[in-house]
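Heads up: the structure comes next, in structure tokens.
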Amino acid sequence: MGVDLVRQFGRSPGANPARAATQAVPRPHGFRLNAALAVGLWALLWAGYNTGLWFVEDPKFPVNFMQLIHGLRAFVPMVAAWFALLLMLTRINRLARWILGPLGLLLLYAVVGLASSAFVSIEPVDAMYWGGMYLSIILVLLAIVSVEDPLPDLRQVLLLNWIVDGVITLSLLGALPFLGRQGMAEAEAGPVGVRAYGASYGETLGMASTRNTGFARYAAISGIVALARVWEGKRLTRFIWGGLLAVSLYALVLSNGRTEVLAFIAGAFLVLAPLKKRRAVFVVVGIASAALLGLVGFYDKFFRYITRTGRMDVTMVTMSGRTYTWEHGWKLFLTSPFWGLGFQADRYYLHQHMHDAFLHVLVQSGILGGGAILLALLIVWLLTAKYFFLRPPRDKALIPPEIPGVLLFVTISSVAESTFAYYSAAWLLSAPIFAYVLALDRHEHRSRAKAELERLPRGPSARTRLQPAGSPGG
């Protein structure tokens, strides 16, 4: 037996269900509570970002107040997972249907990877910690979706993500003037001659500083979201989104994250493509802009910006050495192909980052777990194509325009970064998209079933007409 908080707080015991369904006053109260729980749990997951066990493993812990804070933050996502488990117990009647779907495949990936971390990894304690962090995200997602209609709650979680991403982008950009050479590295080629956070491997407030690719990821996602939202809403709202778009593009150019720049262009195209009313304008402006950019030598400058040297050297061919890492990673995968080597296996066995999410999930969780999450990604993409492009719902509010663009950006970035393979900012930003698309699919199926039910004839005369000749009562 299970309940969800919308029903528990939104309707008095013994109330007539048909009448309660039409009452508008109690329902928003329950909705606000569920949304607040969803946003609160997701905020707890963010609270554990950019920290780890190394703080508490220090024999002198805590050395100072900042180290104490970071050490405590390392376990906050697991606290969120505990609350999520308790919440799922109140929603158990709706939980099974989600576990049996693509979210269950994500859960399988996390569980297999956690088991491999415990029994296969050469660093079981650290590996289990990171497996637990990843599992926390999946458990929170399951707790959020196990209600009658999780779409409004997931929209609030997505909004939280965009706010967090925008704040991080603005903060990293605003910090550059104060970081000096640590924040800026000279670039051999490019429109601005520098690469933000290209030489940044120090600490900020006791936390590891970001790299230029991390800065580019934040900027690109906030730019895609702003590009999707700038076309609608009140004038002030559009002005704010327009300002964020301009700042994000500037930050993206400064970062010189090559994969992120290309992924942003693809994501932006996917955001603009569905805007049918403006499509003709985009085509005309696009052709004119392409011709004008060619006249001013933009494409040569862009090539030098992407290559950083203006030539196709070994660095470009090997994607900054990533192809060598992938070769070692594939050999590592073959040593335990079925259930993997546990979370963070690339660090423990290769002593480097895998830089490819598709290979990384196989190394960590084998064919059993890695195959499961790749299948989940494929299903989410098929449903995204269906509901955002091929057969969109009549209610356009159900399809946030930024979702396809951000999902494409993360998917392309996964070729050169580990994104969804482990607990990371990229996965925190994109995991709710998985849940939202799956919840949208369930919502549409229920809506169609309800519409078909309402079209059926009702009343005694209708039942008489439906009875075949010669049947009892006919």
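Note that the coordinates shown come from a computational prediction; the quantities given were computed from them, not determined experimentally.
- In this structure the side chain of Leu407 reaches within 4.5 angstrom of the side chain of Thr384, judged on heavy atoms.
- Side-chain atoms of Ser424 come within 3.5 Å of backbone atoms of Thr419 as a donor-acceptor pair (strictly under, hydrogens ignored).
- Residues His70 and Arg73 bring a donor and an acceptor atom of their side chains to less than 3.5 Å of each other.
- In this structure, the side chains of Ile403 and Leu158 come closer than 4.5 Å at one or more pairs of heavy atoms.
- When every heavy atom of Tyr348 is checked against every heavy atom of Ile122, the shortest pair comes out as O-CD1, 3.5 Å.
- We find that Glu232 and Arg238 are not joined by a salt bridge, their nearest charged nitrogen and carboxylate oxygen being 4.0 Å or further apart.
- Judged by distance alone, the side chain of Thr51 and the main-chain N or O of Gly48 form no donor-acceptor pair under 3.5 Å.
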Chi angles and distances behind the side chain to side chain contact (heavy atoms under 4.5 Å, CB included) call for Leu341, Ser116: CA-CA 5 Å; Leu341 295 160; Ser116 299; over 6 Å; no
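- Ring to ring, Phe343 and Tyr422 are not that close: their centroids are 6.0 angstrom or more apart.
- Side-chain atoms of Arg91 and Asn34 include a donor-acceptor pair closer than 3.5 Å.
- Pairing each heavy atom of Leu45 with each of Ala80, the nearest pair is CD2-CB, 4.1 Å.
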With salt bridge (charged side-chain N to carboxylate O under 4.0 Å, His left out) as the test, would you mind laying out the steps for Arg394 and Glu444 before giving the verdict? CA-CA 10 Å; Arg394 293 182 179 179; Glu444 288 300 290; over 6 Å; no
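- In this structure, the separation between CD1 on Ile265 and CD1 on Ile412 is 10.0 Å, given to the nearest 0.5 Å.
- Judged by distance alone, the side chain of Trp241 and the main-chain N or O of Leu227 form no donor-acceptor pair under 3.5 Å.
- For the atom pair OG of Ser414 and CZ of Phe409, the computed distance is 9.5 Å after rounding to the nearest 0.5 Å.
- Ile99 is not listed as a side-chain neighbour of Leu103, based on a closest heavy-atom distance of 4.5 Å or more.
- The number of heavy-atom neighbours closer than 6.0 Å to CZ of Arg448, taken from other residues, nucleotides and ligands shown, is above 12.
- Just one residue in the list Leu270, Leu245, Val406 forms a side-chain contact (heavy atoms from CB on, under 4.5 Å) with Ile224, and that residue is Val406.
- You'll find the side chain of Pro77 stays beyond 4.5 Å of the side chain of Tyr49, heavy atoms only.
- Between the Asp153 side chain and the Ala38 main chain, no donor and acceptor come within less than 3.5 Å of each other.
- Side chains of Leu85 and Met88 form a contact here, defined as non-hydrogen atoms less than 4.5 Å apart.
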Report the C-alpha separation of Asp126 and Trp54 in whole Å, then their side-chain angles, then the decisive distance to 0.1 Å, and conclude whether the side-chain hydrogen bond (donor to acceptor under 3.5 Å, both in side chains) test is met. CA-CA 9 Å; Asp126 280 359; Trp54 54 84; over 6 Å; no
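- Here Leu141 contributes atom CG and Ser136 contributes atom OG; the two are 11.0 Å apart, rounded to the nearest 0.5 Å.
- Using the six-membered ring where Trp is involved, Trp330 and Phe333 have ring planes that are tilted, between 30° and 60° apart.
- Aromatic pair Trp427/Phe434: centroids less than 6.0 angstrom apart.
- Taking 4.5 Å as the limit, some side-chain heavy atom of Phe75 sits within range of a side-chain heavy atom of Val56.
- Contact check for Gln352 versus Asp346: no side-chain heavy atoms found under the 4.5 Å cut-off.
- The distance from the CG atom of Leu53 to the CZ atom of Phe55 is 11.0 Å, given to the nearest 0.5 Å.
- Under the 3.5 Å distance criterion, with hydrogens and angles disregarded, no donor-acceptor pair is assigned to the side chains of Trp98 and Ser146.
- The distance from atom CD1 of Ile144 to atom CG of Leu139, rounded to the nearest 0.5 Å, is 11.0 Å.
- Within 6.0 Å of CH2 on Trp162 lie more than 12 heavy atoms contributed by other residues, nucleotides or ligands.
- Listed for the Ser365 side chain is no donor-acceptor partner under 3.5 Å among the backbone atoms of Leu362.
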Does Val76 form a side chain to side chain contact (heavy atoms under 4.5 Å, CB included) with Leu72? I'd like the steps, not just the answer. CA-CA 7 Å; Val76 173; Leu72 294 176; 5.8 Å; no
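- Between Arg322 and Glu417 a salt bridge is recorded (basic side-chain N to carboxylate O distance below 4.0 Å).
- With 3.5 Å as the limit, one finds a donor-acceptor pair spanning the side chains of Gln364 and Tyr109.
- A pairwise comparison of heavy atoms in Pro102 and Ala376 identifies O-CB, 3.8 Å as the closest pair.
- Of all heavy-atom pairs between Pro432 and Asn161, the closest is CG-ND2, 3.4 Å.
- A heavy-atom distance below 4.5 Å is found between the side chains of Arg347 and His353.
- The environment of CZ in Phe119 is sparse: at most 12 heavy-atom neighbours from other residues, nucleotides or ligands sit within 6.0 Å.
- Leu173 approaches Phe215 most closely through the heavy-atom pair N-CE1, 3.9 Å.
- Put simply, the side chain of Asp356 never gets that close to the backbone of Ala416: no donor and acceptor are under 3.5 Å apart.
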Before giving the answer on side chain to side chain contact (heavy atoms under 4.5 Å, CB included), spell out for Phe83 and Leu37 the whole-Å C-alpha distance, their side-chain angles and the decisive distance to 0.1 Å. CA-CA 10 Å; Phe83 282 122; Leu37 287 170; over 6 Å; no
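- In this structure, Tyr134 contributes its side chain and Tyr129 its backbone to no donor-acceptor pair below 3.5 Å.
- Rounding to the nearest 0.5 angstrom, the gap separating the CD1 atom in Ile367 from the CZ atom in Phe338 is 5.5 Å.
- When only modelled atom types and interatomic distance are considered, Ser248 and Thr169 share no side-chain donor-acceptor pair under 3.5 Å.
- Residues Gln156 and Trp42 have side chains that never bring a donor and an acceptor to within less than 3.5 angstrom of each other.
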Is there a side chain to side chain contact (heavy atoms under 4.5 Å, CB included) between Gln344 and Glu123? Walk through the geometry before answering. CA-CA 9 Å; Gln344 302 283 20; Glu123 294 286 350; over 6 Å; no
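- Between Tyr423 and Trp130, the ring-plane angle classifies as tilted under the 30° and 60° cut-offs.
- Closest heavy-atom contact between Leu107 and Leu142: CD2-CD1, 4.2 Å.
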